[in-house]
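Following: one structure in structure tokens, then a few remarks.
Letters go in sequence order (proteins before strands), and every chain restarts at 1. Quick note: numbers below take in every heavy atom, side chains included, and nothing from hydrogens, waters or symmetry partners.
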Amino acid sequence: MDMIKGIKGVKDILPEETPQWRFIEDAARRWALCYGYQEIRIPIFELTALFARSIGAGTDIVEKEMYTFPDRDGTSLSLRPEGTAGTVRAFIEHNRAADPLPQKYFYIGPMFRHERPQAGRLRQFHQFGVEFFGTSDPRADIEVIALLWRLLSDLALSNLTLEINSLGSSGDRAAYKPILLAFLRHQESRLCANCRRRMDRNPLRVLDCKVLDCRAATELAPKLTDHLSPDARAHFDQVLTGLVAIGIPYRLNPRLVRGLDYYCLTSFEITSTHLGAQNAVGAGGRYDGLVKTLGGPSVPAVGFAVGLERVSLMLPEASLSSLNECLYYVAAFGEEGIKLGFVLLDELRGVGISAQCDYRATTLKGHLRQADRSKCRYAILLGDDEAARGSVILRNLESKAQEELPLVGLTSILKTRSFSS
RNA sequence: GUGGGUGUAGCUCAGCUGGUUAGAGCGCCGGAUUGUGGAUCCGGAGGUCGCGGGUUCGAAACCCGUCACUCACCCCA
């Protein structure tokens with residue numbers, strides 16, 4: 001019989017790792033709430049059309065990376081490759097724009113993309129993201145960046161760089177593209193095959209190519225940021241001065257182009273040198289046109305998403321082991337001891353005191369070995385001698401100090417102790 | 001989809017240019033006399049050497065194929 005294995009690029013998160021994940025998720029929730037964002041839980045799958053219309057039908061994500069399947073009636077559904085589309089859909093569907101703006105949401109959960117796995121990239125991966133609806137004020141852009149920066153700093157991630165760029169308005173990009181294209185045509189012979197193809201489909205992406213020759217060829221390319229409309233220019237300048245005001249260092253990157261169609265104006269990415277090839281920890285930007293594109297009112301918005309696996313890869317080895325701690329080990333042995341111990345174990349748990357026992361152990365020695373391994377702080381020894389005396393021995397597993405306590409009323413004694421310690 | 005690297009015990013890995021019963025460390029189970037854990041000592045279980053084929057008197061090792069994992073390209077968080 002062949003062993004059924006997990007799916008390629010889909011990982012189990014084992015008990016040894018879950019404390020670290022809770023640590024990351026707790027920090028994300030805490031900071032999001034601190035900045036006034038509220039949690040939204042959106043479906044894992046949606047109509048395929050939602051992603052095609054928001055992310056862009058021509059993007060790699062939609063074109064070849066989605067897990068798409070027909071529903072029983074034939075309508076095309078897809079596992080979500082990112083969280084913004086679903087959040088915006090929910091925002092529109094529940095007519096949230098009729099409630100007072102602005103509104104701020106965050107989400108956390110798994111996303112799915114069919115790519116070849118590598119370091120920091122899985123087919124099922126996890127993102128934490130925020131969406132700030134209802135204001136085009138540049139301070140919203142800054143706030144979102146500040147939240148991301150603060151979260152990553154709080155997690156003590158090192159070697160972070162904030163890269164930022166402005167994509168201008170859609171009109172700015174339309175005006176800029178022919179200018180860029182004219183430049184690229186002169187350099188065409190120096191560009192890689194990939195970039196030559198990109199010239200027609202998405203000339204901006206050529207600037208983001210990693211091939212050294214392409215970088216050299218586009219060194220002197222006209223910059224989008226030099227062709228911004230006055231409004232876009234002013235918005236960008238205000239974002240930058242705001243970042244300076246709150247002490248967040250940034251690096252201008254005129255080549256930074258996001259792969260999703262809906263971004264406009266501010267575009268940013270936080271990268272790390274500790275991540276291998278996939279060096280973006282989190283990224284985001286403004287998407288003022290998306291709500292309207294998806295059939296809602298015209299509501300400006302800005303947000304980001306963080307890759308939690310990438311955060312996890314960078315997280316310094318911290319002392320997180322205590323999160324799995326259990327307080328009492330009940331060492332019940334001997335005929336009467338076992339009977340009483342089993343009831344005691346359940347009583348402890350019943351009042352919310354963590355306790356465990358290895359039912360296989362029959363001797364005190366065996367129990368203590370298990371108690372040691374279980375990392376409990378105390379062992380409650382209950383053999384036939386104690387049973388006869390109506391008592392138990394409470395043993396501190398670290399100091400080895402022991403004291404005898406009455407069995408009757410033991411849970412309430414321990415309950416008051418656990419509150420005081 | 002393309003390329004490189006790696007597949008030997010639960011985990012981390014040895015195994016020299018092919019040679020007889022495939023090893024170590026850690027982990028696991030048990031023991032070192034009567035009811036006291038971690039340390040030490042002793043013992044034990046556990047492997048179709050990823051899978052299939054080929055070369056050979058003989059393959060974990062060499063060749064071909066295949067699969068898996070991994071890193072990278074592409075792209076993205």
Would you classify A:Glu269 as touching base, sugar-phosphate or nothing, given that sugar-phosphate means primed atoms plus P, OP1 and OP2, and contacts are heavy atoms under 4.0 Å? nothing
Tell me the interatomic distance from A:Leu256, atom CG, to B:A77, atom P, rounded to whole angstroms. 10 Å
With heavy atoms under 4.0 Å as the rule, sort A:Lys5 into base, sugar-phosphate or nothing. sugar-phosphate
Under 3.5 Å on both distances, the Watson-Crick or G-U partner of B:G30: B:C42
Can you tabulate the close N/O pairs, meaning under 3.5 Å, that link protein atoms to atoms of nucleotides 27-35 of chain B?
{"from": "B:C28", "atom 1": "OP1", "to": "A:Arg373", "atom 2": "NH1", "distance (Å)": "2.4"}
{"from": "B:C29", "atom 1": "OP2", "to": "A:Arg373", "atom 2": "NH1", "distance (Å)": "3.0"}
{"from": "B:C29", "atom 1": "OP2", "to": "A:Arg373", "atom 2": "NH2", "distance (Å)": "3.3"}
{"from": "B:G30", "atom 1": "OP2", "to": "A:Arg369", "atom 2": "NH2", "distance (Å)": "2.8"}
{"from": "B:G35", "atom 1": "N7", "to": "A:Asp385", "atom 2": "OD2", "distance (Å)": "3.4"}
{"from": "B:G35", "atom 1": "O6", "to": "A:Asp385", "atom 2": "N", "distance (Å)": "3.0"}
{"from": "B:G35", "atom 1": "O6", "to": "A:Asp385", "atom 2": "OD1", "distance (Å)": "2.8"}
{"from": "B:G35", "atom 1": "O6", "to": "A:Asp385", "atom 2": "OD2", "distance (Å)": "2.3"}
{"from": "B:G35", "atom 1": "N1", "to": "A:Glu386", "atom 2": "OE1", "distance (Å)": "2.9"}
{"from": "B:G35", "atom 1": "N1", "to": "A:Glu386", "atom 2": "OE2", "distance (Å)": "3.0"}
{"from": "B:G35", "atom 1": "N2", "to": "A:Glu386", "atom 2": "OE2", "distance (Å)": "3.0"}

Could you tell me if the side chain of A:Asp358 sits less than 4.5 Å from the side chain of A:Tyr329, heavy atoms only? yes
Compare the minimum distances between each of B:C73, B:C76, B:C74 and the side chain of A:Ala277, then state the nucleotide with the smallest one. B:C73
From the options B:U70, B:C69, B:G37, select the nucleotide whose nearest atom is closest to the side chain of A:Lys8. B:C69
Within the 4.0 Å heavy-atom criterion, would you say A:Leu397 contacts the bases, only the backbone, or no part of the nucleic acid? base
Considering only B:A77, B:A72, B:C74, which nucleotide approaches the side chain of A:Lys64 most closely? B:C74
For A:Arg139, does the CZ atom sit with more than 12 other heavy atoms under 6.0 Å from it, leaving out its own atoms? no
Under 4.0 Å, heavy atoms only, any strand: does A:Gly284 hit a base, just the sugar-phosphate, or nothing? nothing
Checking only heavy atoms, does the side chain of A:Arg121 share a donor-acceptor pair with the base of B:A77 at less than 3.5 Å? no
Write down the distance between CZ (A:Arg123) and P (B:U70), rounded to a whole number of angstrom. 11 Å
Mind checking the C1' distance from B:C74 to B:G3? Whole angstroms is fine. 12 Å
According to the Watson-Crick and G-U wobble definitions, with both distances under 3.5 Å, which nucleotide is paired to B:A14? none
Would you find more than 12 non-hydrogen atoms of other residues, nucleotides or ligands less than 6.0 Å from A:Tyr67 atom OH? yes
Provide the distance between the two P atoms, one in B:G65 and one in B:A45, to the nearest whole Å. 41 Å
Within 6.0 Å of CD1 in A:Ile7, more than 12 heavy atoms from elsewhere: no
Considering every strand shown, what is the Watson-Crick or G-U wobble mate of B:U20 when both distances are under 3.5 Å? none
A:Tyr176 and A:His227 aromatic ring geometry - parallel, tilted or perpendicular at 30°/60° bounds: tilted
Any strand, both distances under 3.5 Å, Watson-Crick or G-U wobble: B:U56 pairs with none
Give none if B:G1 has no partner; otherwise give the nucleotide forming a Watson-Crick or G-U wobble pair with it, both distances under 3.5 Å. B:C73
Pairing check on B:U6: which nucleotide meets the Watson-Crick or G-U wobble criteria with it, both distances under 3.5 Å? B:A68
Options B:A77, B:C73, B:G37, nucleotide nearest the side-chain atoms of A:Glu115: B:A77
Classify the angle between the aromatic ring planes of A:Tyr287 and A:Phe133 as parallel (below 30°), tilted (30 to 60°) or perpendicular (above 60°). perpendicular
At under 4.0 Å between heavy atoms, what does A:Lys375 touch on the DNA or RNA strands: base, sugar-phosphate, or nothing? nothing
Using a 4.0 Å heavy-atom cut-off across all strands, classify A:Ala280 as base, sugar-phosphate, or nothing. sugar-phosphate
Should the pair A:Tyr37 and A:Phe132 be assigned to parallel (<30°), tilted (30 to 60°) or perpendicular (>60°) ring geometry? perpendicular
For the base of B:U70, is there a side-chain donor-acceptor partner from A:Gln118 under 3.5 Å away? no
B:C67 to B:U17 separation - P atoms, rounded to the nearest Å: 30 Å
Is A:Glu403 atom CD crowded by more than 12 heavy atoms from other residues, nucleotides or ligands, each under 6.0 Å away? yes
